[in-house]
There are 2 protein chains.
Amino acid sequence: MNILEKITQNQAAFSKSEKKVAEVILANPQTAIHSSIATLAKMSDVSEPTVNRFCRRLDTKGFPDFKLHLAQSLANGTPYVNRHVDENDSPDEYTNKIFESTMASLEVARQSVNVNVVNRVVDLLTQAQKISFFGLGASASVAHDALNKFFRFNVPVVYFEDILMQRMSCMNCSAGDVVVLISHTGRTKSLVEIAQIARMNDATVVGITSAESPLAQECSYVLSLEVPEDTDMYMPMASRIAQLTLIDVLATGFTLRRGNKFRENLKRVKDTLRGSRYEKRGD
Amino acid sequence: MNILEKITQNQAAFSKSEKKVAEVILANPQTAIHSSIATLAKMSDVSEPTVNRFCRRLDTKGFPDFKLHLAQSLANGTPYVNRHVDENDSPDEYTNKIFESTMASLEVARQSVNVNVVNRVVDLLTQAQKISFFGLGASASVAHDALNKFFRFNVPVVYFEDILMQRMSCMNCSAGDVVVLISHTGRTKSLVEIAQIARMNDATVVGITSAESPLAQECSYVLSLEVPEDTDMYMPMASRIAQLTLIDVLATGFTLRRGNKFRENLKRVKDTLRGSRYEKRGD
DNA sequence: TTCAAGTTGTAATTTTACTACATTTGGTGT
DNA sequence: ACACCAAATGTAGTAAAATTACAACTTGAA
């Protein structure tokens, strides 16, 4: 944990002299890491052992160790924190906040991914007779994106926005078909029903959804992503991004499993797009 | 500059004993920052002054200062690097690589966003009579997502996948309409044509695309995102994510500009979804 | 071979951090 | 209000760590 934050938080628990030290350090941490314990003591107007005791209170071995921690905190430069957008934010502020909290969410999501399930699902997908991607609302565009990716793989892949089409498609499923259902909450009724229908028709159902949700319970495999969602905004933001990244992971796993020849095929698909594009100068 | 890299680069310029020190430090920098000069000297099988000289050669004031620099380098650890997926990667490896390179790309994208243009575009969007989002291929799902977001704002918003529908829709544009075109490369012919059609019909055209591309040249405003794309994979990955995040930024700017009452309205829109969902236990 | 420049080590010195103990402060109960 | 105790702080001495000065060794060119 960041030692600067730690100082700020524990500030109340410090003694009078320790508070002085904390103040001086927080006011100018850059100076602090380049000072000896004597200089810092003088700056804080306390004795050297007080500074030493201050360091130990923060669970460091002593002053040099404390400086090391401090140096690391400063280097980190507040990595990516989930800072919420505020009403009075300037465009510059909300732009940075959104990018940063998206990155922070991806970090959290990354840690929550169960790699074993990813591997198993990639297995399934490579062997599937037909792959379907369904999602509703904000997750529809994620399914749409998945279609785009897997379509390039030259495998039978299906995507519908329409609930009835989704249902009908699942009715026609058979063993060997994989249905991937995407929903952040996992509580959308119609999607849960679709999971049931697909399973009744022997399809394997993969859920990209919240763990232990009603949808998750109907799935054969669940890829759950723990994403802290900014509920102030009333719309999904980070969860979609995490879902998309997971789709990227699955797609990548798919191509890796299929091997070299398959990737050459991908390149061919991409080359066919060339006719629809303006050439880049110098190509 | 990162001192670890500096050690690696200068390695040739070091003397025999200094190389020993460099080796030991590079092999286990975590240990190094927690060792005294004596221990490190013993580990490297050299004398203490040699270690000290080594530190000075790297433009530090001495051993303690060197440790500080080292600690900072380790903390920095180049947070998220764009590491390419390798053929022999395990599921664990490629999952982490993809998440990390996505985060790295977002960081690059964040720095390349022109906030002034963002602000101007938010202006335009809030005043628009009608907003259209068009993209093709991988960018179609981004446009789809934008539809989803802006639809909640209760503004006239349009999205088509079909090229002909896109063209017809642009034919019917008039002053006050905003057309947002999404394309990573900015070289897709039909999208460039759509930009021209929209502009001919007095619409304002915003491009979320590569700077100085043919598409960018046809746009009234360009939101360019510099995203390092992994060309090995032959499919767009990070660029979509950056585009989506930018859409989030625009949507957020939109709601902020519209003020408090508007956000209450958003909440109402969200609440109407409740009927279609299973309640969360404890709600 | 010899000398000089560069490299490395030894030992002394200085700086820095830490410990043990003494003093002070502030609060509590009588 | 006073005595007493515990916590907090400082002083002075000690140990450890880093640095310096200098001596010894290596290496390569004349």
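Note: hydrogens, waters and symmetry copies are ignored here, and every other heavy atom, side chains too, is used. Below, chain A is the first sequence line, B the second, and so on; all start at residue 1.
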Q.
Taking the nucleotide of DNA chain D with the nearest heavy atom to each, does B:Ser36 or B:Lys16 sit closer to the 5' end?
A. B:Ser36
Q. Where along residues 43-61 of chain B does a heavy atom come under 4.0 Å from DNA chain C, residue by residue in number order?
A. B:Val46, B:Ser47, B:Pro49, B:Thr50, B:Arg53
Q.
Counting only heavy atoms and a strict 4.0 angstrom limit, can you tell me which residues of residues 18-27 of chain B come near DNA chain C?
A. none
**Q.** A:Arg187 backbone acceptor or donor facing A:Thr185 side chain under 3.5 Å
**A.** yes
Q | Contact under 4.0 Å: B:Ser15 side-chain N or O vs C:dT8 OP1/OP2 | A | yes
**Q.** Side-chain N,O (A:Ser17) to OP1/OP2 (D:dA8) below 4.0 Å
**A.** no
If I take atom [atom1] in residue [X] and atom [atom2] in nucleotide [N], what distance separates them, rounded to the nearest angstrom?
X: A:Asp65; N: D:dA17; atom1: CG; atom2: C1'; value: 15 Å
X: A:Leu40; N: C:dT15; atom1: CG; atom2: P; value: 19 Å
X: A:Phe14; N: D:dA7; atom1: CZ; atom2: C1'; value: 17 Å
X: B:Lys42; N: C:dT10; atom1: NZ; atom2: P; value: 12 Å
X: A:Ile37; N: D:dT9; atom1: CD1; atom2: C1'; value: 14 Å

Q: Sequence neighbours left out, what pairs pass ring pair (Phe, Tyr, Trp, His ring centres under 6.0 Å) with at least one residue falling in residues 17-51 of chain A?
A: none
Check [X] against [Y] and note the closest heavy-atom contact, atom names and distance.
X: B:Ala109; Y: B:Ala242; answer: CB-CB, 3.9 Å
X: A:Gln243; Y: A:Ile208; answer: CG-CG2, 3.9 Å
X: A:Ser35; Y: A:Lys67; answer: O-NZ, 2.9 Å

Q: Check DNA chain C for consecutive Watson-Crick or G-U pairs with both distances under 3.5 Å and list the runs of at least three as stems.
A: C:1-30 with D:1-30
Q: Enumerate the residue pairs fulfilling salt bridge (charged side-chain N to carboxylate O under 4.0 Å, His left out) with a member in residues 7-34 of chain B, sequence neighbours excluded, ordered by first and then second residue.
A: B:Glu18-B:Arg57
Close side-chain approach of [X] and [Y], heavy atoms under 4.5 Å:
X: B:Ile98; Y: B:Thr102; value: yes
X: A:Leu68; Y: B:Leu68; value: yes
X: A:Leu244; Y: B:Arg240; value: yes

Q) In this structure, which one of A:Asn116, A:Val222, A:Leu223 forms a side-chain contact (heavy atoms from CB on, under 4.5 Å) with A:Val121? A) A:Leu223
**Q.** Set of ring pair (Phe, Tyr, Trp, His ring centres under 6.0 Å) partners for A:Phe54, sequence neighbours left out
**A.** A:Phe14, A:Phe66
